[in-house]
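See structure below.
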Amino acid sequence: MHDSVQKYRGILSAIDRKIEEQKIKSIPKVIAVSKTFKLEKILPLIEYGHLDYGENKVQEAINKWSEIKLSML
């Protein structure tokens with residue numbers, strides 16, 4: 001399993017524990033910050049099923065996500 005997927009699963013587990021411990025009713029949305037990361041680092045998370053990402057530059061998002069969409073075809 002890719003390192004980024006392992007970290008993501010760890011984050012989800014920690015969130016689940018807190019939700020259960022504190023009896024939180026709403027489930028937070030996890031947004032992966034993909035700025036400065038190359039496509040090779042992001043693809044394993046996309047393939048795992050994570051869909052919410054954040055970028056800080058529109059130009060970077062357009063280039064990266066256009067490339068990702070093409071690679072998923």
Side-chain angles (χ1 to χ4, degrees):
M1 183 178 300
H2 194 272
D3 184 50
S4 59
V5 173
Q6 287 180 326
K7 289 178 183 179
Y8 174 66
R9 288 179 58 162
I11 291 166
L12 292 179
S13 293
I15 290 170
D16 287 342
R17 282 192 303 274
K18 285 294 179 186
I19 287 172
E20 206 170 295
E21 286 171 11
Q22 298 178 7
K23 298 184 184 349
I24 298 170
K25 299 203 188 289
S26 62
I27 299 172
K29 181 178 277 198
V30 176
I31 300 174
V33 178
S34 56
K35 67 180 192 171
T36 73
F37 288 99
K38 297 200 180 290
L39 183 59
E40 298 82 40
K41 287 282 196 176
I42 301 166
L43 274 177
L45 283 176
I46 293 170
E47 291 168 354
Y48 187 73
H50 186 73
L51 300 175
D52 300 306
Y53 295 85
E55 294 280 349
N56 69 333
K57 294 182 181 176
V58 174
Q59 303 89 328
E60 188 175 334
I62 290 170
N63 290 335
K64 188 182 298 173
W65 293 103
S66 296
E67 191 176 339
I68 289 171
K69 285 184 177 184
L70 288 174
S71 72
M72 301 303 281
L73 294 176

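- To the nearest 0.5 angstrom, I15 atom CD1 is 14.0 Å from E20 atom CD.
- Taking all atoms of both residues into account, the shortest heavy-atom contact from K64 to T36 is NZ-N, 4.2 Å.
- To the nearest 0.5 angstrom, K25 atom NZ is 12.0 Å from I27 atom CD1.
- Here the closest non-hydrogen pair linking E55 and A61 is CG-CB, 3.7 Å.
- Between Y48 and S4, every side-chain heavy-atom pair lies at or beyond the 4.5 Å cut-off.
- Shown here for I19 and P28, the closest heavy-atom pair between the two residues is CD1-CD, 3.7 Å.
- Taken from CD1 in I46 to CH2 in W65, the straight-line distance is 4.0 Å, to the nearest 0.5 Å.
- Note: the hydrophobic cluster containing I24 does not contain I31 (ILVMFWY, side chain heavy atoms under 4.5 Å, direct or indirect links).
- With rounding to the nearest 0.5 angstrom, the NZ atom of K41 is 13.0 Å from the OG atom of S34.
- Inter-residue side-chain proximity for Q59 and I62 is flagged as unmet; no heavy-atom pair is nearer than 4.5 Å.
- Rounding to the nearest 0.5 angstrom, the gap separating the CE atom in M1 from the CD atom in Q6 is 6.0 Å.
- Here the side chains of K18 and E21 are in contact, with some heavy-atom distance below 4.5 Å.
- The shortest heavy-atom contact between D52 and V30 is CB-O, 3.6 Å.
- By the 6.0 Å contact criterion, CZ on F37 is open, its count of non-hydrogen atoms from other residues, nucleotides or ligands being 12 or less.
- Counting heavy atoms from C-beta on, the side chains of H2 and E47 never come closer than 4.5 Å.
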